[in-house]
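Nothing here was measured: the structure is a model prediction, and the numbers come from that model. Hydrogens, waters and symmetry mates play no part in the numbers below; they use all other heavy atoms, side chains included. Lettering of chains follows the sequences in order, A, B, ..., and the numbering in each one begins at 1.
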Amino acid sequence: MRKWLLWGVVAVAGIALPYILDDYQTFQIARVTTTALPIASLVLLTGWSGQVSAGQGALFGLGAYTCAIAIVSGGLPWPVAVLLAMVVGLAAGLLLGLPALRLSGMSLGLITLSLAVLFPLLLSRFKDLTGGPFGIQTPPVRTPAGIQLSSAQFLYLVTFVALAAVFALLALLCRGRTGRALDALRLQPAMARTTGVDTRRLSVLVVGMSGAVAALGGALNALVLQSVVPDAYAFTFSLALLTGAVIGGIRSWAGALVGAVFVVYVPQLVSDTVGDTLAGHWTQVGYALVLLLTLYFAPQGLAGLGSRITTKIGERRAHQNFAP
Amino acid sequence: MSFRGVRALDSVSLQVAEGQVTGLIGPNGAGKSTLLNCISGLHRHEGDVLLHGRSIGGIAAFRRARLGVARTFQTPALLDHLPPLDNVMLGEPRRRPERQLRARAAELLDVMGDVADRPVGALSHGDRRRVELARSLMSRPCLLLLDEPAAGLDHDEAVELIGAVLRVGAEFGMSCVLVEHDVELVSTLAQAVVVLDTGRVLCVGTPAEVTNDPRVVTAYLGQEVGV
Amino acid sequence: MTEILQQLVNGLAGGCVYAGLALAVSVVFQGTGLLNFAQGEMAVVAAYAAWSLAAAGWPPVAAIPVVVAGSAALGAVLERVLVRPVEGTSPLALITVTAALLLGLNGLVAVIWGTDPHSWDSPFGASAVRLGDVVLTAQQIGSVAVVAVVMVAVGCFFRFTGLGLRMKAVAINPGSAVLLGIRPGRMLAVGWALAGAVGGVAGLMTAPTVGLSPEMMQGPLLMAFAAAALGGFASPFGSALGGVVLGVLTTMAARYVPALGGDLALVVPFGVIFLVLLVKPSGLFGRAAVVRS
């Protein structure tokens, strides 16, 4: 009951924000909502089905480039381009997930790491398609006629709706029967098979879905930034996403938002403190530290800490009620 | 079938009479768990598995489960972070409304005994056993494979527990293969016993016949057990 | 014909370095079942450290052993301080630690030494040997020799020494190993130290050829993983052999397949990983993992 309330508050706040903030700040929170998508894909893939991916950044980038190319070279309207990106992400996820079926944990991690390293190189190589190192600029998304919103506000709300829909879908998926099956897949795969769980199909399904979700995030992010460049999707970005997921809580949807805030704002903060040239590298060191600290002291991430705090408050209240 | 060249099971043929309990005993390493793994589909094997005359040897484990093969493991295979009810509900492979599943799971847990509603990881070994056994009954299996369910329990507790499982199973004509070390337990509960030794069938018969068979006594028991 | 032979030679030489890194990856995998994503970055640290020492006037003969010893120490320290606390928890936690190490070390190297690439003269000198029309540089001969010696040494270590045997025991059955009085934690530290040293050597041998930059080991790490996948992660010999094969494959592909060139050669290890996992997940020399449930 309390969870619904909390989510309701977040939803209302989310919709209200663009009216309070200026266009630049709205742009920033749109970056957060779109970055929350690949992190949510990690929550599903790693937190729930137990498969580690070091390549969600590449899938994000794949979605981004598909969307950009579809709009600029293909002349497609942006909603179609975004859908196309999702389909490509789904296909890529399935393609990656299939060989990973034969082995446990590491194999998907290995394939996705390879993809993550390879992806920016492929982007730079196929200049004609991808614009090479300079990437592609996408036109801004115009607010449809009749709606009284600025371009930035409208686009943010689109990303907000997409995120809400994905969260709702995934949360629903991970409840009840499928949720139990995922838990079994992650923790006791042999037992899962003997209780009728088609572990192979579930695994592949999850990898496919996570690919689609990550690509969706990438596509929307491309629209928000109005540009796609290979450097943005270096394999360190995949690791940054993993960091965000772990910090937020690898099994927490709310944690995906927390992680996204982290991934979007920390590089900014670091760059403001340290100056531009080495900012990226200091950020990496920062990520590494936070990641390690989280692992050692708060393994369930900030969401875990959050629930521990609310539990403690609840317990204290209970004690107070029974105080003599 | 073989593990990396070690022949774990050689020409083993097991017949389970319908509605009855077939005990499977033998010294360590005889291949009892391996046989269960083959039947449930976790290991590849030569030869076939027939369920009510229908061949399921080429079918994946999860399909065999959906056809009515259920099992437990030597160490209870449970989801430690979930409460007993959720663990038991996992045992039903078919799609059913959650409320129905919850009710049936609660019923089964009741039969198995009083189990605290805490994450299963925090429960005692005996309680974890009960949860796993309840789970194995959720799908109303036609064949239940029990892999040393009495390990870690005292004798009377084990008799009571497995007896409860068999009583529930009798409602839908369940057959059972009971792998156990406690020969007395098997003698009490099983109608037929198969003895395995180093991957081969040593002897088949009623509990009385088997425990008095000199080959079995020498290979395994080392002492006489009165039945 | 000469061209092909030359490419072959180049491939073999490059492959030997991948073999070294693959060996390091395999050692850690044998001991922990963990893929150390940070193995490459540890090698980068070694390369930069050697470069700094050389710049400070140390002769290679002195700098290299010091750096290798330092790499071993680094490996042991990383295992003890960062990896040990999460050992035995989930595989995700372990992978995350190595990912964190990867990020952190990569960032630190750039922060300490800067991002500009540097060149480093080969410790073996700049001479070359001609065999017919095929040219072998001193760097190539030297690095192959060094890596070969290291591989043989590691092989002997595991085969003939008590410590090596104890390490294998821990890898195969940690529970029983404890009962024999072997301390798994200590063996893991030794494993990481060994991997650190071997990786460090690989890094030192790569640096003169590819130049020093924070990203220098990203490609080779991928190669090492592909090599280990090909040869079997749990088989050091297989992994090393895989490295050589991959070196040849990549060089040949880069030269003779028009679409691939330069960086894009990394498509080869990706393809290898993909195919191996699809067809024979345990690798050419690995044995299928059999778990008795």
Side-chain angles (χ1 to χ4, degrees), chain A residues 46-47 50-52 54 95-96 98-111 113-118 120-122 124-126 186-187 190-191 234-236 238-240 242-243 245-246 250 274 277-278 280-296 299, chain C residues 29 33-35 37 82 85-86 89-97 99-112 114-115 214-215 218-219 221-222 225-226 228-229 233 259-267 269-282 289 291 293:
Chain A
T46 307
Q51 304 175 80
V52 178
L95 204 64
L96 293 174
L98 278 169
L101 279 180
R102 307 273 304 263
L103 271 188
S104 66
M106 287 295 175
S107 55
L108 187 66
L110 198 52
I111 292 185
L113 181 70
S114 315
L115 178 68
V117 172
L118 206 53
L121 299 174
L122 286 171
S124 294
R125 185 66 163 65
F126 293 101
R186 183 178 80 255
L187 298 168
M191 179 273 278
F235 92 100
T236 41
S238 287
L239 294 179
L242 189 60
T243 308
V246 172
I250 194 67
V274 164
T277 37
L278 284 176
H281 301 279
W282 275 112
T283 309
Q284 272 179 242
V285 178
Y287 279 156
L289 276 171
V290 179
L291 201 50
L292 291 169
L293 287 172
T294 310
L295 271 177
Y296 301 143
Chain C
F29 185 82
L34 170 69
L35 280 186
F37 285 162
L82 297 178
V86 292
T89 56
S90 60
L92 172 66
L94 288 169
I95 294 175
T96 312
V97 170
L101 278 176
L102 171 54
L103 274 181
L105 286 174
N106 186 262
L108 273 176
V109 165
V111 160
I112 297 175
T115 51
E215 306 84 45
Q218 281 177 18
L221 184 69
L222 199 55
F225 281 148
F233 283 103
L260 300 174
D263 282 340
L264 255 236
L266 287 181
V267 169
F270 179 55
V272 168
I273 290 176
F274 200 78
L275 281 173
V276 169
L277 286 178
L278 208 52
V279 173
K280 191 167 193 287
S282 51
V291 179
S293 39

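The residue among A/Ser114, A/Gly286, A/Ser124 with the most heavy atom pairs within less than 4.5 Å of chain C is A/Ser114. Ranked by heavy-atom pairs under 4.5 Å with chain A, the list C/Leu102, C/Leu101, C/Leu105 is led by C/Leu102.
Panel note: side chain A/Ser238, backbone A/Ala54; a donor-acceptor pair is recorded below 3.5 Å.
Taking the six-membered ring for Trp and the full ring otherwise, the centers of C/Phe225 and C/Phe37 sit less than 6.0 Å from each other.
Proximity to chain C (any heavy atom under 4.5 Å) is shown, for A/Leu289, by neither the backbone nor the side chain. C/Leu222 touches chain A through its side chain: at least one heavy atom from C-beta onward sits under 4.5 Å away, while N, CA, C and O do not. Only the side chain of A/Thr243 comes within less than 4.5 Å of a heavy atom of chain C; its backbone N, CA, C and O stay farther away. Contact of A/Leu242 with chain C is made through the side chain alone, with heavy-atom distances under 4.5 Å. Interface residue C/Ile273: only side-chain heavy atoms are found under 4.5 Å from chain A.
Side-chain contact check for A/Thr46 versus A/Gln51: every heavy-atom pair is 4.5 Å or farther apart. The closest side-chain heavy-atom distance from C/Leu82 to A/Tyr296 is below 4.5 Å. You'll find the side chain of A/Tyr287 stays beyond 4.5 Å of the side chain of A/Leu239, heavy atoms only.
Applying the side chain to side chain contact (heavy atoms under 4.5 Å, CB included) criterion to A/Thr236, with sequence neighbours excluded, gives A/Ala234, A/Gln284, C/Leu103.
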